[in-house]
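Data first, discussion second: the structure below is written as structure tokens.
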Amino acid sequence: MWQCVKQQVSEAIHTPFELTNKQLLNTHSSFKHFKIHDNKHEFLVKVAPIEQFELFETEANARDLLTRDSDFVIADTITLGKSKEFAFLVLEYLEDLDSIDNWYLCGRTLAKMHIKCEQQMFGSDEDNFVIGQPQPNQWHKKWHVFFAEERLGWQLQLLDEQNTKLVDIDEFIQIIKPHIPHHVSPSLLHGHFWKGNIKFYKGKPMLLDPASYYGDKHVDIATAELFATMPDSFYSGYQSVSSIELSPMLRDIYQLYPLLLLANRFAGDYLNQAKAKIKHILEQI
């Protein structure tokens with residue numbers, strides 16, 4: 001595989017790249033990450049089984065979209081390829097250990113991305129993946145239909161197919177639809193926005209592992225709040241550009257989606273958390 005990486009990187013940067021050092025990195029990702037370099041260049045390489053080439057392909061597309069339509073720092077895609085056994089995604093290596101966390105700027109940058117969008121529908125041109133789980137993005141005119149069916153319904157069905165029935169799916173979807181906003185403007189979303197996917201490079205916010213699509217801006221906000229509290233300055237920065245109108249019940253509905261993703265990916269206590277979230281949502285209706 002590394003010969004393929006070396007060859008494709010050389011072609012992409014239009015100069016011979018000699019792989020003189022390879023370092024396995026510790027990350028929260030289920031895929032292996034390597035830092036590779038020669039005397040002049042440094043790159044980040046993500047490696048997965050060849051069957052997951054499409055996952056890297058859709059991530060590269062999401063990176064292009066965020067680069068085009070946001071002011072976040074996004075590592076450029078150098079090349080994308082596969083060998084007989086592995087798929088790989090090569091990115092520019094961006095790291096600044098001395099960078100100061102500017103959460104106010106992060107909030108402003110996210111809000112500016114959310115309000116910039118001119119898309120009239122919800123979804124995306126392609127399906128993609130979150131933590132290795134498929135994320136369907138079929139276009140919809142109505143947000144409440146999209147989120148109820150393409151997000152909650154899809155994940156509940158995947159669990160059901162594994163003999164894990166958390167709720168009557170059709171009944172739950174019909175109950176939940178009226179409580180999802182019917183009149184929202186589409187925003188470009190990161191798709192898995194939380195502290196673990198945010199870094200700072202030279203004082204500017206940088207996003208990792210995007211799974212972008214067009215949806216309600218509050219999905220990014222709710223997802224960010226699921227496991228780790230965002231700093232107050234993040235909200236101050238966001239609200240200096242755009243308002244946040246996220247009720248406790250809508251927060252629960254939006255947070256159910258990443259919990260279902262995690263339940264499908266890892267099972268365990270995430271199943272219990274998803275059950276508890278469903279119970280809490282139904283108690284509020």
Side-chain angles (χ1 to χ4, degrees), residues 28 58-77 91 94-96 99-124 128-131 135 137 143 146-147 151 180-181 183-248 250-259 261:
H28 64 266
T58 59
E59 179 184 334
N61 292 338
R63 287 178 175 277
D64 290 344
L65 189 59
L66 290 174
T67 298
R68 187 191 73 187
D69 290 340
S70 85
D71 293 328
F72 283 105
V73 175
I74 308 292
D76 288 339
T77 300
L91 306 170
L94 300 179
E95 184 176 41
D96 183 359
S99 185
I100 298 173
D101 295 355
N102 189 337
W103 288 103
Y104 182 89
L105 180 59
C106 182
R108 278 188 61 87
T109 306
L110 183 67
K112 287 168 65 178
M113 182 181 85
H114 283 166
I115 66 173
K116 181 180 180 179
C117 174
E118 297 181 356
Q119 175 60 243
Q120 298 301 309
M121 297 182 69
F122 302 96
S124 181
N128 50 27
F129 300 83
V130 180
I131 55 172
Q135 179 170 259
N137 291 319
W143 168 245
F146 175 89
F147 192 80
R151 293 294 177 261
I180 299 171
H183 304 288
V184 296
S185 299
S187 295
L188 175 60
L189 306 182
H190 173 273
H192 194 210
F193 188 80
W194 70 293
K195 272 189 174 181
N197 281 335
I198 305 165
K199 288 189 175 182
F200 292 87
Y201 180 72
K202 297 183 178 179
K204 296 182 179 180
M206 177 171 69
L207 296 183
L208 313 178
D209 298 342
S212 297
Y213 64 98
Y214 295 93
D216 181 1
K217 66 182 185 180
H218 293 103
V219 171
D220 274 347
I221 301 295
T223 303
E225 297 174 345
L226 181 56
F227 294 121
T229 303
M230 299 296 280
D232 290 342
S233 56
F234 168 82
Y235 296 99
S236 297
Y238 192 99
Q239 292 181 105
S240 71
V241 175
S242 181
S243 64
I244 297 176
E245 300 172 1
L246 184 61
S247 68
L250 187 58
R251 179 181 287 105
D252 284 337
I253 291 172
Y254 286 167
Q255 288 181 347
L256 177 58
Y257 176 57
L259 284 176
L261 280 164

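One is the number of the first residue; the rest follow in order along the sequence.
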Given side chains that start at C-beta, do those of [X] and [Y] come closer than 4.5 Å, heavy atoms only?
X: Leu188; Y: Gln119; value: no
X: Leu226; Y: Tyr257; value: no
X: Pro205; Y: Leu207; value: no

Quick one: does any side-chain atom of [X] pair with a main-chain N or O of [Y] as donor and acceptor, under 3.5 Å?
X: Gln135; Y: Asn128; result: no
X: Thr77; Y: Leu91; result: no
X: Gln120; Y: Glu118; result: yes
X: Lys204; Y: Asn102; result: no
X: Asn197; Y: His192; result: yes
X: Asp216; Y: His218; result: yes

Aromatic contact, Phe147 with Tyr254 (centres under 6.0 Å): yes
Within a radius of less than 6.0 Å around NZ of Lys202, do more than 12 heavy atoms belonging to other residues, nucleotides or ligands occur? no
Does atom CG of Asp76 have more than 12 heavy-atom neighbours from other groups under 6.0 Å away? yes
Taking all non-hydrogen atoms of both residues into account, name the closest pair between Tyr238 and Ile244 and its distance. CD2-CG1, 3.5 Å
In Val219, Asp220, Ile221, the residue satisfying side chain to side chain contact (heavy atoms under 4.5 Å, CB included) with Thr223 is Val219
